[in-house]
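Inspection log for the structure reproduced underneath, given as structure tokens.
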Amino acid sequence: IELKSKIAQFEFENPLMNASGVWCENAEKLDEMKNSSSGSFVTKSATPQLREGNPSPRYVEVPLGSINSMGLPNLGFDFYLNYSLKFQEENPGKINFLSIAGMSMEDNLEMLHKLNDSDFKGLTELNLSCPNVPGKPQIGYDFEATEKILEKAFEFFKKPLGVKLPPYFDFAHFDEMAEILNQFPLAYVNCINSVGNGLYIDTENESVVIKPKDGFGGIGGAYVKPTALANVRAFYTRLNKNIKIIGCGGVESGKDVFEHLLCGAEMVQIGTHLARNGVQVFDKILTELSEIMNQKGYNSIDEFRGKLKSL
Ligand SMILES: CC(C)(C)CCc1c(C(=O)O)[nH]c(=O)[nH]c1=O
């Protein structure tokens with residue numbers, strides 16, 4: 001059976017990849033992703049310079065998912081660009097995704113200029129959960145700021161660009177965001193980033209479980225699947241068809257991947273489940289997805305992608 005997915009001019013042999021931030025922060029992890037059975041991989045969101053990030057504990061697995069306030073620890077933009085250039089050189093015809101999350105508009109534009117002027121042939125992911133000016137919500141929750149940064153980017157950026165979105169919970173927000181995104185020649189929209197500022201409590205110690213932000217952190221894993229599926233579906237039905245959707249959130253099995261694909265996802269990312277179990281999750285989940293497709297008599301994903309039925 002066929003598991004191919006297409007974004008921009010790229011074709012991937014299967015729809016699975018890691019979620020940015022998971023199994024992608026250094027060369028050792030990226031090599032494991034590169035050598036796994038995933039269809040592609042994305043690098044940890046980069047800032048212009050190396051960042052230590054927040055004090056640990058900053059990522060904690062909990063029964064139904066994970067909570068994190070990493071604080072953008074990363075080896076710096078040049079590391080991920082060089083890794084990507086080496087990857088495309090050593091694997092002719094193959095490309096990866098490179099994520100950026102500047103701490104300011106200038107940082108983002110600087111990294112986009114460098115990418116534009118480089119030999120990078122892959123896809124760039126602009127992480128809109130990046131911080132805004134103090135006192136204002138993250139860029140993805142500031143519609144004006146989102147429009148402004150995309151206007152500035154598309155003045156000069158000529159390579160395939162996607163955006164990573166935080167989750168939305170209101171139809172007015174789906175509509176407003178889609179109206180903005182439809183103005184730009186985006187290659188894709190990636191839904192969702194972690195559900196922001198959750199709180200997990202250790203009742204034995206009567207304390208929080210992560211050190212930064214008094215324990216407040218982004219929630220991932222099974223907790224967020226219904227929200228992730230809703231955001232994938234909401235943008236799939238609102239965006240023009242040449243903007244593909246990447247689904248991210250709550251994927252632990254072939255069944256979860258099937259649900260994201262039914263909602264319209266072109267690629268499906270795995271975060272918390274990958275962090276917990278390592279890259280063998282891709283083999284397991286590909287087998288489970290193939291099993292489901294065989295049982296249902298589907299030979300390719302295109303036969304059911306986006307075809308979620310209303311009642
Ligand atoms: C939240 C930011 C630190 C501004 C961006 C990086 C990021 C982080 C992080 O590095 O803390 N964690 C997430 O779950 N999603 C993200 O996009």
Side-chain angles (χ1 to χ4, degrees), residues 17-26 29-30 41-62 64-77 79-80 97-108 111 124-142 145-146 149 162-168 188-200 208-225 227-228 231 246-251 269-276:
M17 57 188 290
N18 64 307
S20 180
V22 180
W23 228 275
C24 60
E25 62 272 18
N26 58 39
K29 294 283 191 209
L30 285 166
F41 66 90
V42 58
T43 57
K44 166 67 184 176
S45 293
T47 47
Q49 301 305 321
L50 177 148
R51 270 174 68 91
E52 291 295 321
N54 290 333
S56 294
R58 60 191 189 180
Y59 177 93
V60 170
E61 292 175 4
V62 297
L64 296 179
S66 64
I67 182 168
N68 92 83
S69 197
M70 308 293 287
L72 254 180
N74 75 95
L75 293 174
F77 174 81
F79 170 82
Y80 301 106
F97 293 66
L98 190 151
S99 175
I100 62 171
M103 302 302 277
S104 67
M105 169 90 78
E106 292 68 35
D107 276 3
N108 278 315
M111 290 186 283
T124 301
E125 181 164 290
L126 177 58
N127 181 349
L128 290 183
S129 287
C130 47
N132 201 343
V133 296
K136 298 200 77 176
Q138 61 172 288
I139 301 293
Y141 287 153
D142 179 340
T146 295
I149 193 161
V163 288
K164 178 73 171 280
L165 298 181
Y168 301 93
Y188 72 89
V189 163
N190 181 346
C191 300
I192 59 172
N193 206 322
S194 48
V195 173
N197 294 309
L199 190 60
Y200 189 87
V208 301
V209 295
I210 56 172
K211 190 173 178 70
K213 294 175 64 175
D214 289 322
F216 283 66
I219 303 295
Y223 283 121
V224 310
K225 190 173 77 170
T227 296
N231 276 259
I246 294 185
C248 184
V251 175
Q269 299 188 333
I270 304 172
T272 298
H273 189 59
L274 169 61
R276 190 187 297 261

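Both ligands and their constituent atoms are indexed starting at 1 by order of listing. Residue numbers count from 1 along this sequence. Because the structure is a prediction, the values reported are computed rather than measured.
A donor-acceptor distance shorter than 3.5 angstrom exists from the side chain of N231 to the backbone of Y168, with no hydrogens or angles considered. Using modelled atom types, one side-chain atom of N74 and one backbone atom of T47 make a donor-acceptor pair closer than 3.5 Å.
Taking the six-membered ring where the residue is Trp, the centroids of Y200 and Y223 are separated by 6.0 Å or more.
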Extract all N/O-N/O pairs under 3.5 Å that connect ligand 1 to the protein, and present each with both atom names and the distance rounded to 0.1 Å.
residue	atom	partner	partner atom	Å
ligand 1	10 (O)	K44	NZ	2.9
ligand 1	10 (O)	L72	N	2.9
ligand 1	11 (O)	N68	OD1	3.4
ligand 1	11 (O)	M70	N	3.0
ligand 1	11 (O)	G71	N	2.9
ligand 1	12 (N)	N68	OD1	3.0
ligand 1	14 (O)	N68	ND2	2.8
ligand 1	14 (O)	S194	OG	2.8
ligand 1	15 (N)	N193	OD1	2.8
ligand 1	17 (O)	N127	ND2	2.9
ligand 1	17 (O)	N193	ND2	2.9

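For S129, the side-chain hydrogen bond (donor to acceptor under 3.5 Å, both in side chains) criterion is met by Q138, N193, not counting sequence neighbours. K136 pairs by the salt bridge (charged side-chain N to carboxylate O under 4.0 Å, His left out) definition with D142, not counting sequence neighbours. Contacts of K29 classified as salt bridge (charged side-chain N to carboxylate O under 4.0 Å, His left out), with partners at least two apart in sequence or in another chain: none.
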